[in-house]
Amino acid sequence: MSEAASRLPFSAKSRRTVEQPISYLIQTALHNPHLINLAAGLVDPRTLPVEQCEQITQRLFGDDARARAALQYDTTLGLRTLRKELLSHLARVEQVPEGELGYSADDILVTTGSQQVLYLVGDVLLDPGDIVIAANPSYFVYTGTLTSLGATVVAAPMDEDGMDADAVEQVLLRLQREGRLSRVKLIYCTSYFDNPTGLTLSLPRRRKLLELARRFSTHHRIMIHEDAAYRELRYDGQPLPSIKSFDRENRHVIISNTFSKPFAPGIKLGYSAMPADLLDAVVQQKGNHDFGSANVCQYIALNALQSGMYQSHVQTLCQSYRAKRDAILQSLSRHMPKHPELSWTKPHGGLYVWLTLPADIDTRRSSRMFQRCVSAGVLYVPGDYCFVADEHGELPVNHLRLSFGQVAPEQIDAGIQRLAEVVAQEINEHGAPKMGQKVTSARA
Ligand SMILES: Cc1ncc(COP(=O)(O)O)c(C=O)c1O
């Protein structure tokens with residue numbers, strides 16, 4: 001057989017799909033168990049609800065009728081009793097009566113993790129060349145999904161108040177001037193304790209994003225995909241209403257949630273509320289994928305919610321993550337060199353801290369800094385993974401993401417100390433401050 005004849009004819013979508021950059025980091029961590037892994041976005045293995053799930057499954061399989069139902073297929077939309085329970089749960093989280101949510105249990109879809117609904121919504125709305133507006137930096141698994149679907153990601157910057165809604169407006173106005181507004185289908189926003197920055201979208205910006213989606217919906221309805229994966233991992237500050245809560249007609253916002261972060265990623269369940277016409281199309285497409293998420297997992301989630309185990313687990317989890325969040329912030333203050341261009345976010349929830357280094361320090365995987373960190377025994381996620389290149393193809397390379405999710409509490413200080421020593425070395429060699437700026441050792 002000739003070489004050409006034996007070649008696999010991969011589809012255009014498959015050819016656009018590349019390996020997730022994080023795979024390399026996972027391999028590096030596996031090969032070097034002594035590394036302190038501040039890269040992994042995993043939840044803490046110590047706080048997984050093992051006993052709760054044991055009790056739930058014993059109850060589930062101790063009841064013949066329930067066990068048979070759980071081991072059977074259910075609908076593509078998801079178990080009805082679970083969707084009703086999720087509606088009550090969402091109303092509790094939103095702190096409004098169910099009737100004020102603007103959607104019903106029939107508008108809720110259960111998916112195989114929230115990643116599946118990110119994919120499915122993209123799949124039913126986006127043709128190659130269509131535009132999604134996302135924050136810069138953004139959740140890089142999703143931007144990879146968008147690339148695979150052939151979409152163009154147009155980035156809007158972020159600041160302490162989350163995605164910059166004024167910048168989104170400027171992007172929309174520019175696209176309108178260029179005659180490209182008809183290609184804009186989605187605005188993607190992680191509205192709570194963002195991955196990778198840990199930052200939260202402010203209340204005025206929540207209202208403004210929805211106002212923009214409404215105002216610029218001249219060719220078709222522009223949707224906002226509100227990714228609320230980390231919403232329930234809140235350690236301080238006031239709860240904020242979702243963008244979805246302002247979409248009382250259920251027309252412009254998809255809100256996706258997950259059991260992965262506040263309960264257990266192993267049950268791989270997500271749930272979303274969205275407009276009925278979009279939901280119909282998404283359900284058809286989910287039918288092509290799996291015609292329904294694992295029913296046993298849906299029964300576990302149902303039981304966890306009905307018994308109150310879920311709610312008390314979230315409280316325990318928040319206490320444990322709050323202590324780790326405090327520990328990482330204290331260690332950063334203690335060990336990081338003082339430099340006017342060195343800063344980090346102070347998240348009120350979630351699993352991430354975002355570190356900004358002086359502009360001439362390169363944190364990329366190919367950089368000396370990254371290699372030095374691996375040699376010193378600490379791993380981070382290079383920030384360039386999370387950025388979309390600007391119109392000149394430029395990516396900022398002086399950021400990094402730290403996660404306090406998986407790391408053991410007693411390793412946090414040592415991990416940050418190792419990182420800080422490499423940062424100090426880099427600053428001394430390259431990132432010395434400009435005239436008039438002063439660097440002092442944090443421990444001095
Ligand atoms: C922002 C964000 N959205 C969605 C997901 C998907 O999670 P899952 O599919 O487990 O619900 C993740 C996972 O890390 C995430 O960080």
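Atoms within each ligand, like the ligands themselves, are counted from 1 in listed order.
Counting only heavy atoms of the protein, atom 7 (O) of ligand 1 lies nearest to S114 OG, 3.6 Å. Counting protein heavy atoms only, atom 16 (O) of ligand 1 is closest to Y230 OH, 2.7 Å. Of the protein's non-hydrogen atoms, Y139 OH, 3.3 Å is the one closest to atom 5 (C) of ligand 1. Closest to atom 1 (C) of ligand 1, if we only count protein heavy atoms, is D227 OD2, 3.4 Å. With respect to atom 11 (O) of ligand 1, the closest heavy atom belonging to the protein is T258 OG1, 2.6 Å.
For residues 295-309, every residue pair satisfying the side-chain hydrogen bond (donor to acceptor under 3.5 Å, both in side chains) rule, not counting sequence neighbours, is listed here: R59-N303.
Look at R325 and D236 and you find a salt bridge, because one of the NZ, NE, NH1 or NH2 atoms lies within 4.0 Å of a carboxylate O, short of that distance. Comment: R183 does not engage D127 in a salt bridge, judged by the lack of any side-chain N to carboxylate O separation of less than 4.0 angstrom. No salt bridge links R365 with D384; every basic N to acidic carboxylate O contact stays at or beyond 4.0 Å.
Contacts of K261 with ligand 1, taken as heavy-atom pairs under 4.0 Å, involve the side chain alone.
Contact analysis puts K268 in contact with ligand 1, with a non-hydrogen atom separation below 4.0 angstrom. Heavy-atom separations between F259 and ligand 1 are all 4.0 Å or longer.
For ligand 1, the polar-atom distance check against S260 finds a nitrogen or oxygen pair separated by under 3.5 Å.
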Can I get a per-line list of side-chain donor-acceptor pairs under 3.5 Å for residues 259-274, giving both atom names and the distance, sequence neighbours left out?
from	atom 1	to	atom 2	distance (Å)
S260	OG	T258	OG1	3.1
K261	NZ	Y230	OH	3.4

